[in-house]
Structure formats: structure tokens, C-alpha cells
Amino acid sequence: ALILSEELGNRNFSIVIGACEAQSIAIGMESNIKLNRPLTHDLFKSLADSFNIELKYIYIYKIENGIFHSFLILKGQKKDIKIDARTSDAVAISIRFEVPIYTNKDVLKETLSIKQKNETNQKKETKSRVKPQKKDSNKTDVKELQKKLTKALEEENYELAAEIRDLINKKSKK
């Protein structure tokens with residue numbers, strides 16, 4: 001699960017993504033990892049840079065049947081250009097371009113309505129800029145994961161809790 005959090009708030013939501021995309025996102029977030037050959041998202045960045053293509057931001061514009069839909073918003077000569085993208089790819093690309101990820105009140109409302117089944121006091125949502133969570137140290141990361149594990153268990157989201165538990169175990173071994 002990819003967890004996106006508000007940049008200037010405390011709300012977050014998770015998106016289930018594939019293993020390859022998760023690995024690419026993790027590698028993109030870790031500045032100390034250097035690969036011999038570029039991953040697909042790195043290739044996209046190199047291609048865009050070579051042709052002076054400017055990515056302005058990512059926009060997660062809807063969730064339908066549990067699937068998040070996103071656009072890459074590129075700077076065009078006369079108007080911005082929207083390119084449809086899988087959200088996991090869009091996030092991996094946004095990390096490489098260092099551009100913001102936005103969503104809207106409907107997406108937040110939909111993701112929060114799922115959480116509200118287990119929470120009684122949820123504030124109404126409007127609009128938010130979100131970003132992938134990045135931690136400065138392994139110790140901080142484990143503490144945050146433990147908080148998320150507790151929350152997942154409280155919400156009876158056992159699948160997410162198991163994934164978080166596995167991450168904690170992996171990080172604790174380092």
C-alpha cells in the first residue's frame with residue numbers, strides 16, 4: 001500500500017499498488033540508491049528532460065470501484081496538457097520530477113467514507129495537496145509504522161495491518 005499524506009495536515013489515504021511500482025517509488029525516494037540501468041520512470045524523466053517537457057503536477061482526480069485515476073499535467077505552449085496515467089506510475093514520476101501531487105474533495109470524501117465506517121468523528125474534506133510519506137531515519141520510520149499498525153488494527157483493516165507488520169519486521173532487522 002502506498003500511503004499519501006497531506007502536506008499541511010494530518011489526513012492520509014492509501015492506494016494499493018503493484019510490487020514493481022512500489023519498488024520504483026521507494027528507489028525514487030531514496031537518494032542514496034544508484035542503479036546501473038534506469039528504471040522505466042527514470043527513463044521517462046530522462047526523455048522528458050531531453051525534450052524540455054515540463055511536468056507541472058500530478059492530479060488524482062477520481063476513485064471508481066476502488067481504482068484511483070490520475071493525470072500527469074504537462075506544461076503546453078498554449079494550455080496545460082493532461083495525460084492519463086496509473087496512479088502508481090504518476091506518483092513514481094512525480095518523485096523523480098519533484099512535483100506536487102494533488103487530489104480533490106471527492107477523492108478525499110470517497111477514501112474517508114471508507115474510514116468513517118470505523119471512525120465517528122471525521123471532519124468534512126475540501127481540497128488537499130498530498131505527498132508520499134518519506135522518513136528521515138529508520139527509527140522514525142518504525143515508530144510511524146507502529147502508529148499506522150495500531151490505527152489499521154483499530155479500523156479492523158487486517159490486510160493493511162499485516163503489510164505494515166511485515167515492514168516493521170523488515171526495518172527492525174536492519
Polar side-chain atom of Ser50 near backbone of Ser46 as donor-acceptor pair, under 3.5 Å: yes
Under a 3.5 Å distance rule, please check whether Asn104 uses its side chain to pair with a backbone N or O of Asp106 as donor and acceptor. yes
Derivation of the side chain to side chain contact (heavy atoms under 4.5 Å, CB included) call for Glu6 and Asn12: CA-CA 6 Å; Glu6 275 185 305; Asn12 62 53; over 6 Å; no
Using the rule that Ile, Leu, Val, Met, Phe, Trp and Tyr join whenever any side-chain heavy atoms are under 4.5 Å apart, tell me whether [X] and [Y] fall into a single cluster.
X      : Y     : value
Ile53  : Leu47 : yes
Leu167 : Val16 : no
Phe44  : Ile81 : yes

Please round to the nearest 0.5 Å and tell me the distance separating atom [atom1] of [X] and atom [atom2] of [Y].
X      : Y     : atom1 : atom2 : answer
Ile60  : Ser70 : CD1   : OG    : 4.5 Å
Lys148 : Ser5  : NZ    : OG    : 5.0 Å
Ile101 : Ser94 : CD1   : OG    : 3.5 Å

Does a side-chain heavy-atom distance below 4.5 Å link Leu72 with Lys82? no
Using a strict cut-off of less than 4.0 Å between a Lys/Arg side-chain nitrogen and an Asp/Glu carboxylate oxygen, indicate whether [X] and [Y] qualify as a salt bridge.
X     : Y     : value
Arg86 : Glu21 : yes
Asp42 : Arg96 : yes
Lys56 : Asp80 : yes

Closest non-hydrogen atom pair, [X] against [Y]:
X     : Y     : result
Leu74 : Ile83 : CD1-CG1, 3.6 Å
Ile25 : Ser88 : CD1-O, 3.8 Å
Leu55 : Ile58 : CD2-CD1, 4.1 Å

Assess whether side chain to side chain contact (heavy atoms under 4.5 Å, CB included) is satisfied between Ile15 and Val91, documenting all intermediate values. CA-CA 11 Å; Ile15 301 171; Val91 170; 5.6 Å; no
Give me the ring orientation class for Tyr61 and Phe71: parallel if the planes are under 30° apart, tilted from 30 to 60°, perpendicular past 60°. parallel
Verdict with supporting geometry, Tyr102 and Tyr59, ring-ring contact (aromatic ring centres under 6.0 Å, His included): CA-CA 5 Å; Tyr102 293 103; Tyr59 181 50; 7.8 Å; no
Side chain to side chain contact (heavy atoms under 4.5 Å, CB included) between Phe68 and Val107, intermediate numbers included: CA-CA 8 Å; Phe68 289 84; Val107 170; 4.0 Å; yes
Within 45° of the six-membered ring axis of Phe97 and under 6.0 Å from that ring's centre, is NZ or CZ of Lys45 located there? yes
Let me see the working for Asp84 and His69 under side chain to side chain donor-acceptor pair (under 3.5 Å), right down to the final yes or no. CA-CA 8 Å; Asp84 187 38; His69 296 263; 5.2 Å; no
